[in-house]
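Take a look at the structure set out below.
By convention in this document, chain letters (A, B, ...) are assigned in the order of the sequence lines, proteins followed by strands, and residues within each chain are numbered from 1.
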Number of protein chains: 2
Amino acid sequence: MPRESPTFSPLYRQIKSLIGRALESGEWRPGASIPSEVELAQRFRVSQGTVRKAIDEMAAENLLVRRQGKGTFVASHDDPRTHFRFLRLMPNSGAVEAPLSVPLECLRAKAGQEVARVLGIEPGAPVILIRRVLKFADRPTVIEEIYLRGEAFPGLNLAILKEAHRSLYSLFEVRFGVRMVRAEERLRAVAADRGSAELLGVAEGTALLSVERIAFSYGDKAMEWRRGLYVTREHFYHNELS
Amino acid sequence: MPRESPTFSPLYRQIKSLIGRALESGEWRPGASIPSEVELAQRFRVSQGTVRKAIDEMAAENLLVRRQGKGTFVASHDDPRTHFRFLRLMPNSGAVEAPLSVPLECLRAKAGQEVARVLGIEPGAPVILIRRVLKFADRPTVIEEIYLRGEAFPGLNLAILKEAHRSLYSLFEVRFGVRMVRAEERLRAVAADRGSAELLGVAEGTALLSVERIAFSYGDKAMEWRRGLYVTREHFYHNELS
DNA sequence: GAGTGGTCTAGACCACTGC
DNA sequence: CAGTGGTCTAGACCACTCG
């Protein structure tokens with residue numbers, strides 16, 4: 001028997017993509033609550049169980065957060081519980097500690113070949129370049145170069161970065177409505193060049209952990225490309241495999 | 001109103017832990033199929049939906065694998081689809097390629113302080129130490145020191161390692177019934193010492209990616225501690241954040 | 001107490017696999 | 001065709017939060 005519907009898609013997946021589109025369109029902002037299951041079931045003309053299954057999957061993907069008795073919320077980097085999902089650097093011993101971000105530069109530029117390819121934009125399109133240092137316990141531990149899609153962050157400048165006492169991704173959400181949903185990282189070990197060594201207070205040639213990241217917003221749209229150099233003497237990069 | 005049942009646990013969680021215990025006890029071996037949902041529902045005296053929810057969660061945790069029309073199976077490292085979940089080294093360009101494992105040593109020893117602590121065993125308890133090299137495209141790229149709980153791998157020796165043309169974790173499953181369920185890794189950048197540099201064919205002092213791993217079997221029992229040193233000139237360590 | 005998500009059930013039907 | 005997992009529904013009841 002031939003498959004009659006090669007594009008078969010269950011109802012709950014369609015609901016999922018409808019909710020996904022609502023998220024993309026900004027109908028509900030990060031941290032805000034979405035309508036209750038019964039309301040959504042009425043809106044989409046399906047049973048509550050079908051909405052439930054759609055939401056379950058989106059919660060598993062960290063797009064939504066369920067809180068019994070309160071409602072379902074759009075996931076946000078403001079939530080401290082999800083705060084260390086993207087920063088994997090842990091101290092060798094002692095309690096985890098939020099780093100202090102020290103922005104150095106915030107420049108507007110035109111995308112070169114490589115940045116354009118990674119972000120999926122045209123060469124020459126506007127980008128923003130941020131350079132910063134992260135300090136743990138007052139010690140410079142990470143330096144980062146961050147490229148952003150220029151059109152998505154109008155008005156972003158060094159002053160804003162310096163004022164903001166929250167994580168970068170929190171700032172992006174609150175100020176620009178841009179939520180980073182997932183990211184891919186590539187890790188390598190490299191030797192510190194002169195400039196990096198100076199900023200990090202280590203000897204030239206010291207082994208550093210290079211972390212390249214592409215971060216995606218809703219719809220798998222690449223919004224950010226960054227490269228970090230981590231000093232891993234007092235810290236390590238933590239990863240869970242399962 | 002005070003909580004009357006602070007230890008409230010839904011039915012499906014109890015089913016989950018029953019299935020989990022059956023897995024631990026080896027009632028169903030890795031790769032084998034478990035009873036159908038209706039059978040399990042009858043056995044546990046619950047509805048099929050409740051069994052379903054339990055299995056759903058265990059599939060999400062990579063303990064079980066569902067295959068529509070065929071049944072539900074105990075997850076296995078033999079399955080090529082899950083083969084690269086624990087080996088995160090990818091080539092800078094070109095297709096992914098399985099490495100060639102070259103075992104160098106396989107020794108029986110007594111656990112020292114550190115290994116005992118990590119594996120949760122008594123100092124002096126038997127352990128196995130394996131040293132090996134992984135080659136990609138005929139180039140040594142990774143060296144590893146692997147400590148195993150001695151009592152769980154009776155008879156393991158260098159000859160067995162050399163004969164086995166499968167991944168280490170596959171071997172553990174097929175030969176010893178030990179399945180690694182999850183692992184924690186700590187990554188750092190370090191400089192190559194003389195011995196490592198020689199084995200890897202790089203200059204002394206070259207920056208290497210140090211990957212420490214603790215691997216756990218069912219019941220979160222630490223079975224393995226390993227440290228790898230990766231050459232990251234032609235490869236990178238890949239990670240997904242979400 | 002009203003409203004939310006969470007659990008559990010029972011039943012009907014669909015999609016996929018293999019004999 | 002029988003057997004498996006996958007979807008969808010409807011309804012009852014439970015646990016949690018807040019006013």
Side chain B:R188, main chain A:L209, donor-acceptor under 3.5 Å: no
Closest listed nucleotide, where the reference is the side chain of B:L11 and the choices are C:dC8, C:dA15, D:dC8: C:dC8
Checking the side chain of A:S170 only, and the main-chain atoms of A:L168 only, is there a donor and an acceptor separated by less than 3.5 Å? no
Go through the side-chain N and O atoms of B:N239 and A:R213 and say whether any donor and acceptor fall under 3.5 Å apart. no
Just how far, in rounded Å, is P of D:dG6 from NZ of B:K53? 15 Å
Rounded to whole Å, please give me the gap between CZ in A:R13 and C1' in C:dC14. 15 Å
Nearest whole angstrom, please: distance from the P of D:dA15 to the OH of B:Y12. 14 Å
Any donor-acceptor N/O pair, A:R88 side chain to A:R85 backbone, under 3.5 Å: yes
Within residues 55-77 of chain A: residues closer than 4.0 Å to DNA chain C (heavy atoms): A:R66, A:R67, A:Q68, A:G69, A:G71, A:T72
Polar contact flag, side-chain donor to acceptor under 3.5 angstrom, B:R132-B:S101: yes
Could you please spell out the steps behind the side-chain hydrogen bond (donor to acceptor under 3.5 Å, both in side chains) verdict for B:S76 and B:R179? CA-CA 7 Å; B:S76 162; B:R179 170 164 164 79; 5.6 Å; no
Could you check whether B:S17 and B:R21, counting side-chain N and O atoms only, form a donor-acceptor pair closer than 3.5 Å? yes
Could you walk me through whether A:D78 and A:Y169 pass side-chain hydrogen bond (donor to acceptor under 3.5 Å, both in side chains), step by step? CA-CA 8 Å; A:D78 240 356; A:Y169 288 172; over 6 Å; no
Which residues within residues 14-49 of chain A lie with some heavy atom under 4.0 Å of an atom in DNA chain C? A:S36, A:E37
